[in-house]
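Fair warning: this is a prediction, and the values are worked out from it, not measured in the lab. In this chain, residues are counted from 1 in sequence order.
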Amino acid sequence: MRILFYNWANVYDPVGRGGGVAVYQRNLAEHFEHKEGFTIKYLSAGIFNDFFKSKARWQRARVNKGGPWKDHFEIINSKATAPAHFSYGMDAQVEDQGVVDAFEDFIEKEGPFDIIHFNNLEGLPANVLTLKSKFPNTKFLLSMHNYYPFCPQVNLWFSELISCSDFKDGEKCVNCIWHYFHTEHIHAEGFVEQMFARFGMLRDKGILSRYFFHFRVVIWFLKFALSKLSGGRLTKFPPRLNTPSRLENKYKNREYPIQSSVATADYFKNRRAVFVDYINKYCDAVIGVSDRVSEITRSFGVRSDIVKTLYIGTQQAEVFYEQKRESPIFDEDGCLHIAYLGYMRRDKGYYFLLEALAALPKKYARRIKVTVAARSSHPNAVAHLYRTLSHFNETNYYDGYTHNDLDEILAPVTLGIIPSLWEDNLPQTAIEMHARRIRLLVSDMGGAPELGNFPDLVFKADSKSEFIDKLIGLLDKTLLVDKYWKSAMPPKTMLDHSDELLELYNEAL
């Protein structure tokens, strides 16, 4: 079986772009590479650009870190710059025939493929899916790791404020994101990185890492000057539909703030409709990574018969089967030791969590220990954390973590907190704690509640009162969790997941 995996970032990207999807795809590919009868190739797009040429093309990837490179490829000069917010409001997210032609040429020369598995569509225009009509024997599968086909912000999270359940026919999308990126800056960055990669210099090392920003600025000014001298012939950057207005931090009807408009409501309404139409016409299967994701996907109009739930696998799952022992809900001191992993971001619920904990009565706070493992988001973030939780029994902070750190970080933890304020598809942080048999107290948004499947430990997202009531119930022992693991879902190993995915591939074929 010949499989092409697509993700906007290379799975061995030297600066770690692509997030958890890149990690998942790398782990998955390693399983298939060890099976006989499989040929695996990888494609990425949306990052790199040429200096003079604007025509889309493909090449063998030059940027890889610690992994094989011969089967890795990338599309250059995609105007649907990735990640998605770099090309927010651009026509190129919907249609770019140049990228479609480059993708077709790649398939013809490096294929044929039995399966093309899109782990997302960022970096590509929606009309790349029309290639299905030219390669009818190739099965197109799309995994919903985020909501990019329906939301150009990818996470249905409006204006960094609130979960977005109604885009008001595109009107809210016009006024959603706070900051728009200068296309020429982004393209200059992609050119600089590719130029140095030609000589084996990766962005994560040496002089390129230290002075990357300076190189980018020099290239941008050089390209700008050459463009002016040539009457604009050298630069063919994709235009936004409207020129951004100045940022206005005001409120319209007290519903949502007016931001820099980059496209019309009709554009965003059409964008969603086109993605859904192409998915329905050309995808053989759409994979929801949780039942909630599948439900949301169907609600946007994707055909029910092609949507299937397939929980992702993780190497962390092996810990679950090795441990086989339930973690206690209280530690040896009789305290509840809670943990938050991930990012200091509003949509992840970090600031909600701090505010809710700050409102907890002191007599209960003294019986709670807190561990936070998250990259510091601003200079005062750590000081703010300790100041907010100064009346708690104990506070431990880790400036981020790797999988190698997790056993040590989570060893004393008795309760994981997943306070998502958006429909988080299936948080890796939830799986990481669940795999260590740590019970989870989760918000009712996204796929996290499906891991424990224990309604007593689910609270309404953004409800401090419900969250506090759950903690008090645990401390007062009126909320009992001794039956938690009887209804919990065993996490999927990569072996289990790859077998299930292979079954889906064979079913499609």
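- Residues Tyr282 and Phe140 keep their aromatic ring centres 6.0 Å or farther apart.
- Salt bridge Asp407/Arg436: present, at least one basic N to carboxylate O contact under 4.0 Å.
- A parallel orientation is assigned to the rings of His434 and Phe320, their planes being inclined by less than 30° (bins at 30° and 60°).
- Phe158 carries Lys172 over the face of its six-membered ring, with the cationic atom under 6.0 Å from the centre and within 45° of the normal.
- Phe150 and Tyr147 have tilted rings, their planes meeting at an angle from 30° to 60° on a 0 to 90° scale.
- Annotation: Lys132, atom NZ; neighbour count of heavy atoms from other residues, nucleotides and ligands within 6.0 Å is above 12.
- Within a 6.0 Å sphere centred on CZ of Arg345, heavy atoms belonging to other residues, nucleotides or ligands number more than 12.
- Taking the ring axis of Phe167 as reference, the NZ or CZ atom of Arg272 stays within 45° of it and closer than 6.0 Å to the ring centre.
- Of the candidates Asn119, Asn10, Asn7, Asn119 is the only one forming a side-chain hydrogen bond (donor to acceptor under 3.5 Å, both in side chains) with Gln25.
- Dense packing is recorded around CG of Leu495, with more than 12 heavy atoms of other residues, nucleotides or ligands lying under 6.0 Å away.
- Here the closest non-hydrogen pair linking Phe454 and Ser487 is CD1-OG, 3.9 Å.
- Classification of the Phe352-Phe467 ring pair by plane angle, with boundaries at 30° and 60°, yields perpendicular.
- Asp496 and Thr493 share a side-chain donor-acceptor pair at under 3.5 Å.
- With respect to Glu423 and Arg292, a salt bridge is recorded, a charged nitrogen being found less than 4.0 Å from a carboxylate O.
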N/O donor to acceptor pairs below 3.5 angstrom from side-chain atoms of residues 501-509, sequence neighbours left out:
residue, atom, partner, partner atom, Å
Tyr505, OH, His117, ND1, 2.7
Asn506, ND2, Leu502, O, 3.3

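- Both cation-pi conditions hold for Arg271 and Tyr148: the charged atom is under 6.0 angstrom from the six-membered ring centre and inside a 45 degree cone around its axis.
- Ring centroids of Phe103 and Phe73 are separated by 6.0 Å or more, keeping the two rings apart.
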